[in-house]
Trainee: 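For reference, the structure I am asking about is given below.
Just so we're on the same page: letters track the sequence lines, and every chain starts at 1. Because only heavy atoms are used, hydrogens play no part in the values below, and waters and symmetry mates are left out as well, while side chains stay in.
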Number of protein chains: 2
Amino acid sequence: MPGVTTGEPETPATLGRPRDPDLEQAILDATVEVILQRGYSATKLDEIARRAGTGKAAIYRRWASKTDLVIAAAQSLQAEVTLPDEGSLRDDLLVCVRHYVTPTARAALVLANVLNEMPHDDDVREAAIASIARPAAQALRTVIDRWIAGGAVDPAVPAGLVASIVPSMAFHRVALLRQGLDEETAVALVDSVLLPALGVATPRPACDA
Amino acid sequence: MPGVTTGEPETPATLGRPRDPDLEQAILDATVEVILQRGYSATKLDEIARRAGTGKAAIYRRWASKTDLVIAAAQSLQAEVTLPDEGSLRDDLLVCVRHYVTPTARAALVLANVLNEMPHDDDVREAAIASIARPAAQALRTVIDRWIAGGAVDPAVPAGLVASIVPSMAFHRVALLRQGLDEETAVALVDSVLLPALGVATPRPACDA
DNA sequence: ATTTTACGGGACCACCGAGTACCGTAAGAG
DNA sequence: CTCTTACGGTACTCGGTGGTCCCGTAAAAT
């Protein structure tokens with residue numbers, strides 16, 4: 001019962017009218033929109049169908065349940081995360097942090113809406129986190145580790161902790177304050193928090209030298 | 001309609017059997033427990049009543065709706081927040097940050113569960129945030145501002161941003177990772193993130209001097 | 001042309017949970 | 001003792017929604 005249908009149901013189906021190739025994405029998009037606007041529990045399949053310009057039958061032909069649909073919708077938001085390799089630590093960080101700036105943050109909002117509201121199902125939780133939260137967070141972590149390996153950052157800094165600051169802030173703002181990170185805050189975060197924590201003085205000369 | 005019953009319903013009632021003075025708290029406690037365990041939408045009034053050892057009638061005699069009950073339960077968690085005044089910035093920060101360490105974090109979990117799941121009602125959201133999240137966050141902010149005023153911290157640091165780091169991390173961990181802040185992480189946060197961001201070098205000599 | 005499967009959409013069912021009503025009983029005030 | 005209100009508990013109403021069925025139609029293969 002709690003099994004999560006990861007792929008498509010079954011039939012390869014070479015016979016008969018083929019499925020509308022665009023409809024699947026339209027349904028997923030509609031799902032995301034409704035979740036964003038109403039929250040998970042107030043998300044009704046009828047509304048999703050209506051917004052996707054289709055019927056519930058078409059939805060259930062693709063996913064076995066509302067839960068499966070929502071998981072798929074969450075996964076469809078999986079952002080392209082490119083590991084930055086600008087010349088400087090600061091620029092690398094900026095690129096990573098920009099993943100969290102407003103437009104991209106749609107995904108985080110979906111995550112926030114789905115997470116706690118979802119019938120406490122660990123599969124769902126895991127799927128949502130893995131597809132939405134993890135990639136961007138991992139990029140940040142990797143960048144920091146790389147600069148530590150390069151010797152530019154003191155290996156003694158708790159990289160995991162520092163790497164989790166921005167994801168946390170982004171999630172917090174979006175979930176509680178209902179506003180994504182703006183560019184300005186993102187830059188401030190890098191210059192006034194991350195770099196100092198990484199032992200790199202930029203914003204102000206912290207030393208009297 | 002969307003009005004939130006802040007106080008008790010109406011009757012002062014000097015006549016007849018008085019209300020059980022303990023029952024109210026028992027119901028609130030049960031509510032918190034169920035929310036913690038099941039999440040908001042899976043929280044059924046029947047279960048709350050059962051756990052509180054009472055009936056639904058007794059609940060509805062005190063609160064007009066499930067929403068009102070949940071708000072009251074959230075407010076009942078309002079922690080005592082004492083503005084610390086140890087001798088040092090570090091110690092003040094530690095006191096503040098400890099508000100977020102595990103046991104206290106129960107409140108945050110309730111917040112997380114209630115927030116996104118709650119029928120998108122801004123009153124509810126506001127009430128929950130104000131009673132649970134704000135006090136501790138405000139304390140942190142005040143402490144930082146005070147040390148800036150005292151001249152120990154550069155006024156150029158974005159106090160609001162820095163003050164929001166710990167609340168964000170706490171919320172993030174509790175909402176996503178299902179684990180509160182532990183003491184160890186809290187200390188690391190102060191020493192390796194907050195203090196550096198505030199321009200106070202402690203963990204490592206950031207200067208070559 | 002026939003078969004097969006998808007389509008949009010309407011009707012429907014089954015279940016679940018908030019809220020209500022009412023029971024017999026307990027505990028105060030007068 | 002009587003009146004009034006709270007108590008624990010059960011049974012009920014009733015609206016909402018996930019999920020199913022089925023319709024007439026559309027689009028592909030044979």
Side-chain angles (χ1 to χ4, degrees), chain A residues 1-2 4-5 8-27 30-31 34-35 38-73 114 117-119 121 124, chain B residues 1-2 5 8-27 30-31 34-35 38-73 114 117-121 124:
Chain A
M1 253 75 203
V4 170
T5 345
E8 61 267 46
E10 60 285 348
T11 45
T14 173
L15 194 55
R17 175 176 175 173
R19 288 191 182 168
D20 182 337
D22 301 333
L23 190 50
E24 178 150 336
Q25 193 56 49
I27 294 173
T31 304
V34 177
I35 290 179
R38 305 237 189 268
Y40 172 80
S41 58
T43 294
K44 298 148 197 21
L45 288 194
D46 288 296
E47 182 170 3
I48 293 176
R50 193 171 46 72
R51 288 216 209 179
T54 183
K56 278 197 290 182
I59 296 179
Y60 280 99
R61 209 169 287 125
R62 286 152 224 261
W63 297 279
S65 67
K66 178 180 178 183
T67 300
D68 281 12
L69 170 61
V70 170
I71 294 177
V114 166
E117 200 164 351
M118 207 76 159
D121 180 329
V124 178
Chain B
M1 254 75 209
T5 344
E8 61 268 48
E10 61 283 352
T11 45
T14 174
L15 194 53
R17 174 177 177 175
R19 289 192 180 168
D20 182 337
D22 301 333
L23 191 50
E24 178 149 335
Q25 194 55 48
I27 295 172
T31 305
V34 179
I35 289 179
R38 305 234 189 271
Y40 172 81
S41 58
T43 293
K44 300 149 198 14
L45 288 193
D46 289 296
E47 184 171 3
I48 293 176
R50 193 169 46 72
R51 288 216 208 180
T54 182
K56 277 197 290 182
I59 296 179
Y60 280 99
R61 211 170 285 126
R62 286 150 224 260
W63 297 278
S65 65
K66 179 180 177 182
T67 301
D68 282 10
L69 170 62
V70 170
I71 293 178
V114 166
E117 200 165 352
M118 207 76 159
H120 280 220
D121 180 328
V124 178

Trainee: To the nearest Å, give me how far apart CG (A:Asp22) and P (C:dA6) are.
Mentor: 16 Å
Trainee: By nearest heavy atom, map B:Arg17 and B:Leu45 onto DNA chain C; which one lands nearer the 5' end?
Mentor: B:Leu45
Trainee: Measure OH/A:Tyr40 against C1'/D:dT17 and give the value in whole Å, please.
Mentor: 12 Å
Trainee: Expressed as a whole number of angstroms, how long is the span from B:Tyr60:OH to C:dC22:C1'?
Mentor: 17 Å
Trainee: Considering only C:dC22, D:dG18, D:dA28, which nucleotide approaches the side chain of A:Lys44 most closely?
Mentor: D:dG18
Trainee: Rounded to the nearest angstrom, tell me the gap between atom CG in A:Leu69 and atom C1' in D:dG19.
Mentor: 13 Å
Trainee: Using the closest heavy atom to pick a nucleotide of DNA chain D for each, name whichever of B:Pro18 or B:Asp46 lands nearer the 5' end.
Mentor: B:Pro18
Trainee: For B:Arg62 and D:dT5, give me the distance from atom CZ to atom P, rounded to whole Å.
Mentor: 16 Å
Trainee: Taking all heavy atoms of A:Lys66 and all of A:Ser41, pick out the closest pair and write down the distance.
Mentor: NZ-O, 4.3 Å
Trainee: What's the closest nucleotide to the side chain of A:Ala58 if the choices are C:dC7, C:dA18, D:dT20?
Mentor: C:dC7
Trainee: Check the distance between C:dT20's C1' and B:Ile59's CD1 and give it to me in whole angstrom.
Mentor: 14 Å
Trainee: With respect to the side chain of B:Lys66, which nucleotide from D:dG19, C:dC7, C:dG19 is positioned closest?
Mentor: C:dG19
Trainee: Measure CZ/A:Arg61 against C1'/D:dC21 and give the value in whole Å, please.
Mentor: 12 Å
Trainee: Counting just side-chain N and O atoms, does A:Arg19 come under 4.0 Å of either OP1 or OP2 of C:dT5?
Mentor: no
Trainee: How would you label the contact of A:Ala49 with the nucleic acid (heavy atoms, under 4.0 Å): base, sugar-phosphate, or nothing?
Mentor: nothing
Trainee: Quick one: which of D:dT4, C:dG8, D:dG18 gets closest to the side chain of A:Lys56?
Mentor: D:dG18
Trainee: If I take atom CD1 in residue A:Ile48 and atom C1' in nucleotide C:dG8, what distance separates them, rounded to the nearest angstrom?
Mentor: 16 Å
Trainee: Would you please test B:Trp63 and B:Ile71 for side chain to side chain contact (heavy atoms under 4.5 Å, CB included) and show each step?
Mentor: CA-CA 10 Å; B:Trp63 297 278; B:Ile71 293 178; over 6 Å; no
Trainee: What's the closest nucleotide to the side chain of A:Leu23 if the choices are C:dC7, C:dA26, C:dA18?
Mentor: C:dC7
Trainee: With side chains defined as the heavy atoms from C-beta onward, is the minimum distance between A:Leu69 and A:Ile48 less than 4.5 Å?
Mentor: yes
Trainee: Once you apply a heavy-atom cut-off of 4.0 Å, does A:Asp20 come out as touching a base, just sugar-phosphate, or nothing?
Mentor: sugar-phosphate
Trainee: Sub-3.5 Å donor-acceptor pair from the side chain of A:Arg19 to the main-chain atoms of A:Arg61, do we have one?
Mentor: yes
Trainee: Which nucleotide in the list D:dG19, D:dA29, C:dA6 gets nearest to the side chain of A:Leu15?
Mentor: D:dA29
Trainee: When you compare the side chain of B:Thr43 with that of B:Val70, does any pair of heavy atoms fall below 4.5 Å?
Mentor: no
